[in-house]
Amino acid sequence: MTSPPAPGRASIDAAFPALSAAPARGTVESMTDLDTDLCVVGGGPAGMMAGLLFARAGVRTVVLEKHADFLRDFRGDTVHPSTLELFWELGLLEGLLARPHNKVDALEATVAGRRVKVSDFGHLPTHCRFIALMPQWEFLDFVAEAARAYPCFDLRMNAHATGLLREGDRIVGVHADGDAGVSRVRARLTLAADGRGSILRDAAGLPRSTLGAPIDVFWFRIPKATQEVNESAGVFETGHILALIDRGDYWQCAYVFAKGSADAVRARGLDAFRAEVAAVAPNLEAGLRELKSWDQVKLLSVAVDRLERWHRPGFLAIGDAAHAMSPIGGIGINLAIADAVAAANALAGPMARGEDVDRRLAAVERRRRLPTRLTQAGQVLLQNRVIGRVLSGETKMTRPPLALRLLDRLPLLRRLPARVVGLGFRREHVRSPAAG
């Protein structure tokens with residue numbers, strides 16, 4: 001059994017013809033001095049969802065994505081019931097679920113060798129009572145395809161925003177560097193969705209608070225036999241934490257370790273790393289033989305931070321650009337998409353009518369501030385009180401803690417973590433208009 005091959009350019013074009021197709025309607029050959037209503041910087045989940053919703057409302061929208069395609073591995077690909085419900089509201093759910101995905105209708109954990117049930121999504125008040133594990137390139141390609149149905153949507157790949165355009169105190173667009181050279185995109189509103197390393201939020205001078213994270217993560221794949229039941233789970237042993245995401249014919253593994261110790265782990269050698277992982281999850285031992293190089297192991301440096309102010313005149317940050325999340329619970333992608341929906345609900349209609357929306361930007365931040373802070377507070381609590389102590393050996397994993405034993409024994413209790421993970425705090429619904 002071999003690891004799934006990395007996608008090559010030929011297979012990319014075959015799998016995703018939309019990415020190599022002719023330019024979308026509304027696209028021009030040169031990017032020099034584009035003029036638009038909305039410039040979205042970043043073609044991740046928040047940026048692409050915003051692009052779709054604003055274009056759907058009739059707002060001239062340009063999305064700038066710095067990469068040439070969406071095919072980047074080890075991205076958040078846990079599409080939660082709250083997000084799936086948004087696609088149902090848009091009439092796009094059937095098409096989305098036609099893309100390759102795996103379903104997780106419950107979450108489990110293995111603690112000190114004992115398997116315990118943690119949450120059950122079967123009682124959520126949504127059309128999809130499961131998490132869809134969908135490769136992010138599939139998700140983004142689907143959203144791009146849906147957005148291209150609107151003539152005012154313009155997606156520019158390989159276009160890197162390098163700075164902000166200003167007129168006095170107002171931001172009026174961005175400088176972009178891409179295949180056409182340094183360009184300017186002027187816009188009534190610039191939406192920064194360029195991720196946790198956002199250069200635009202820094203250029204806008206928005207204050208940021210760092211909450212900290214005591215962990216980093218190694219991501220890697222291990223081949224496995226396909227099974228009917230999805231067996232995604234977390235594994236907790238004294239000094240070790242491993243998340244296993246069942247992707248059908250392979251495990252997507254997240255090996256958690258103390259922040260800053262990646263070099264020390266690598267220095268022990270790949271053989272020692274494989275042995276360490278196998279000791280935590282013996283069922284991976286055979287597949288770990290396919291892990292032959294550190295090039296197959298990707299480092300995710302975990303950060304938890306947030307802007308104290310998300311906006312300036314002509315500018316709004318959303319998603320990871322506004323609040324970097326821990327990978328705990330796979331919530332980040334869904335929180336980012338909720339930001340995009342809230343922004344479209346508040347701004348798309350007025351923008352389509354030609355109104356100035358600067359005074360409405362603060363309302364988007366107010367709407368999304370509480371769910372962001374509640375989610376991050378929960379993640380920080382788990383990082384500091386549970387994960388950090390398990391990794392340090394301070395908490396000895398001789399049996400599952402009482403809270404997990406209660407969840408395992410009482411099915412009714414499993415509905416609470418299912419709602420927190422599956423629906424989050426303050427759900428968003430699509431209320432932005434659709435242009436006639």
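We use all heavy atoms of the structure for the numbers below, so side chains are in, but hydrogens, waters and symmetry mates are not.
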Does [X] reach the main-chain N or O of [Y] with its side chain, forming a donor-acceptor pair under 3.5 Å?
X    : Y    : result
T190 : F315 : no
R201 : A317 : no
R196 : V304 : no
E237 : G113 : yes
D216 : F257 : no
H80  : V421 : yes
E290 : G287 : no
N158 : H67  : no
R156 : L64  : no
N345 : V364 : no

From [X] [atom1] over to [Y] [atom2], what is the distance, rounded to the nearest 0.5 angstrom?
X    : Y    : atom1 : atom2 : answer
D249 : I222 : CG    : CD1   : 12.5 Å
L316 : R360 : CG    : CZ    : 13.5 Å
D305 : S326 : CG    : OG    : 12.0 Å
L155 : T61  : CG    : OG1   : 11.5 Å
I171 : H311 : CD1   : NE2   : 11.5 Å
I337 : T83  : CD1   : OG1   : 4.5 Å

>> Salt bridge or not between D246 and K224? Use side-chain N to carboxylate O under 4.0 Å.
In response: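 Yes.
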> Is any side-chain N of the basic residue among R266 and D263 closer than 4.0 Å to the acidic one's carboxylate O?
Replying inline: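 Looking at R266 and D263, the cut-off is met.
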Looking at side-chain heavy atoms only, is the closest gap between [X] and [Y] below 4.5 Å?
X    : Y    : answer
I387 : P214 : no
H323 : D339 : yes
R373 : R306 : yes
L97  : C128 : yes
L361 : L189 : yes
K259 : S301 : yes
F218 : V277 : no
L284 : L244 : yes

Looking at [X], I want to see if its [atom1] is surrounded by more than 12 non-hydrogen atoms of other residues, nucleotides or ligands under 6.0 Å.
X    : atom1 : answer
R115 : CZ    : yes
E308 : CD    : yes
R389 : CZ    : yes
R405 : CZ    : yes

Is the ring pair [X]/[Y] parallel, tilted or perpendicular, if the boundaries are 30 and 60 degrees?
X    : Y    : answer
H240 : Y255 : tilted
H127 : W88  : parallel
F139 : F87  : perpendicular

>> E428 and side-chain contact (heavy atoms from CB on, under 4.5 Å): which single residue from R367, E85, E89 fits?
In response: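 Option passing the side-chain contact (heavy atoms from CB on, under 4.5 Å) with E428: R367.
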Heavy atoms only: give me the nearest [X]-[Y] pair and the separation to one decimal.
X    : Y    : value
G43  : E65  : N-OE1, 2.7 Å
A262 : L299 : CB-CD1, 4.1 Å
A46  : A336 : CB-O, 3.6 Å
A187 : L38  : CB-C, 4.2 Å
S432 : A348 : CB-CB, 4.2 Å
P400 : R114 : CG-CD, 3.9 Å

>> Between F220 and F273, is the ring centroid distance below 6.0 Å?
In response: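 Yes - the distance between ring centres of F220 and F273 falls below the 6.0 Å cut-off.
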> Taking it one step at a time, do K103 and E228 satisfy salt bridge (charged side-chain N to carboxylate O under 4.0 Å, His left out)?
Replying inline: CA-CA 10 Å; K103 296 180 180 179; E228 258 187 61; over 6 Å; no
> Could you go step by step and tell me if L133 and T78 meet the side-chain contact (heavy atoms from CB on, under 4.5 Å) rule?
Replying inline: CA-CA 5 Å; L133 298 178; T78 50; 3.5 Å; yes
> Can you list the residues that meet the salt bridge (charged side-chain N to carboxylate O under 4.0 Å, His left out) rule with K117, with sequence neighbours excluded?
Replying inline: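 For K117 there are no salt bridge (charged side-chain N to carboxylate O under 4.0 Å, His left out) partners, ignoring immediate neighbours.
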> Within 45° of the six-membered ring axis of Y250 and under 6.0 Å from that ring's centre, is NZ or CZ of R221 located there?
Replying inline: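 Yes, R221 and Y250 form such a contact.
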> Are L404 and V111 close enough, and set up right, to give a side-chain contact (heavy atoms from CB on, under 4.5 Å), and what steps lead you there?
Replying inline: CA-CA 9 Å; L404 288 182; V111 182; 3.7 Å; yes
> So L90 and R56, side-chain contact (heavy atoms from CB on, under 4.5 Å) or not? Walk me through it.
Replying inline: CA-CA 10 Å; L90 289 166; R56 173 177 174 267; 3.6 Å; yes
> Under the side-chain contact (heavy atoms from CB on, under 4.5 Å) criterion, do L307 and R208 qualify, and how do the steps go?
Replying inline: CA-CA 4 Å; L307 295 180; R208 177 161 46 118; 3.9 Å; yes
